[in-house]
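Beneath this line is the structure, given in structure tokens, with notes to follow.
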Amino acid sequence: MSISALAALAGVASAAGLIRDTIPTSIDGSKYNSPTAGPPGTWFAGDPSLPISEIVSAAASMTKVPKDASYVLGNDNSKKATIYSDWSTFSKGAAYAFVADMDVDCDGLDDTCKGNDDGQSQTDFGALAAYEVPFVVIPEKFASEHATELKGNNVVAVICGGKLYYGIFGDTDGDSPQEIGEASWLMANTCFPNQGINGGNGHRTADVTYIFFTGADSVIPKTALGKNYLTNFAALKALGDSKMQDLVTSLNLAKSNVI
């Protein structure tokens, strides 16, 4: 989806009162690159009219397992989570999904975050700021196997604590063994603000639903995302809501009022 199409979509929704004008279309990301003063979750939250509980139930009922799909939750947690492909062939809202815990990835600009003793200065598609960008991680082996569908910077829906947020596919995990269930400092602390989460202390319960949308039209426009910062949160929200509505339609779930 082009940036002009996203702008039009955001404009229509705003006129209908569904997207508040407080969600910015252009920011200086460096001003929000702070562990305690990052972008507010309202900037990348999904539309509340989407049937979140029904989507969570549908994800939990998936059965189709693609190649290279099961990974441990952490180097100190041998339990595994599996990525499912039931939704990957949808004509609209195509996605891979899984349920896992949420550890913190501070790779990129903020690789020295608290508790992060093995950080790297780069993320897969830049050097994203973990305090400012709500990015999500997937195992490197799976990303390589499905690179034509997951090109990088795809929009990702994250359902945590009964709430829906949008992020981007911004990094991969190449540890040995490769781990699943990771997100940036911003995403993790937005999902679980009272758990003291940092680079060495994640949310250990496997109750987070991750939905990675596939295809070129699920990729955030380059004009909305730079090497380090997400500058247009309205574009992320508009694309996320659009993809989630497509998924809801493909799953024949209760209709929402998302534009």
Practice prompt. Mind checking ring-ring contact (aromatic ring centres under 6.0 Å, His included) for Phe44 and listing every partner two or more places apart, or none if nothing turns up?
Written response: Tyr165
Worksheet item: Under the side chain to side chain donor-acceptor pair (under 3.5 Å) criterion, do Asn189 and Tyr131 qualify, and how do the steps go?
Response: CA-CA 9 Å; Asn189 279 280; Tyr131 300 149; over 6 Å; no
Worksheet item: Will you find, in the side chains of Tyr229 and Asp28, an N or O donor that is under 3.5 Å from an N or O acceptor?
Response: no
Worksheet entry | Set of residues satisfying salt bridge (charged side-chain N to carboxylate O under 4.0 Å, His left out) with respect to Asp68, sequence neighbours excluded | Lys141
Worksheet item: Judged by atom type as modelled, is there a donor-acceptor pair below 3.5 Å linking the side chain of Asp86 to the main-chain atoms of Lys64?
Response: yes
Worksheet entry | Heavy-atom side-chain contact between Glu182 and Asp103 under 4.5 Å | yes
Discussion item. side-chain contact (heavy atoms from CB on, under 4.5 Å) for Asn33 and Asp110? Distances and angles first, verdict last.
Written reply: CA-CA 8 Å; Asn33 190 30; Asp110 301 317; 2.6 Å; yes
Worksheet item: Is the closest side-chain heavy-atom distance between Lys114 and Pro35 below 4.5 Å?
Response: no
Practice prompt. For the residue pair Ile27 and Glu132, establish whether any side-chain heavy-atom pair is separated by less than 4.5 Å.
Written response: yes
Worksheet entry | Test item: Leu236 and Trp43 side chains (from C-beta on) under 4.5 Å apart, heavy atoms | no
Discussion item. Testing the 3.5 Å rule here: is there a donor-acceptor pair between the side chains of Ser218 and Asn154?
Written reply: yes
Worksheet item: Any luck finding a side-chain donor-acceptor pair between Ser70 and Thr82 under 3.5 Å?
Response: yes
Discussion item. For a 4.5 angstrom cut-off between non-hydrogen side-chain atoms, does Leu239 reach Tyr166?
Written reply: no
Discussion item. Using every non-hydrogen atom in the two residues, find where Tyr96 and Pro66 come nearest and quote the distance to one decimal.
Written reply: CE2-CG, 4.3 Å
Worksheet item: For the ring pair Tyr210 and Phe98, is the centre-to-centre distance below 6.0 Å?
Response: yes
Discussion item. Within the 4.5 Å heavy-atom criterion, are Ser88 and Thr214 side-chain neighbours or not?
Written reply: no
Practice prompt. Indicate the atoms forming the closest heavy-atom contact of Ile211 with Ala95, along with that distance.
Written response: CG2-CB, 3.6 Å
Worksheet item: Does some side-chain heavy atom of Ser250 sit less than 4.5 Å from a side-chain heavy atom of Trp87?
Response: no
Worksheet entry | Flag side-chain contact, heavy atom, 4.5 Å: Gln195 against Asn201 | no
Practice prompt. Can you see which heavy atom on Thr123 is nearest to which on Gly170, and at what distance?
Written response: CB-O, 3.5 Å
Worksheet entry | The single option from Phe142, Phe213, Phe125 passing ring-ring contact (aromatic ring centres under 6.0 Å, His included) against Phe169 | Phe125
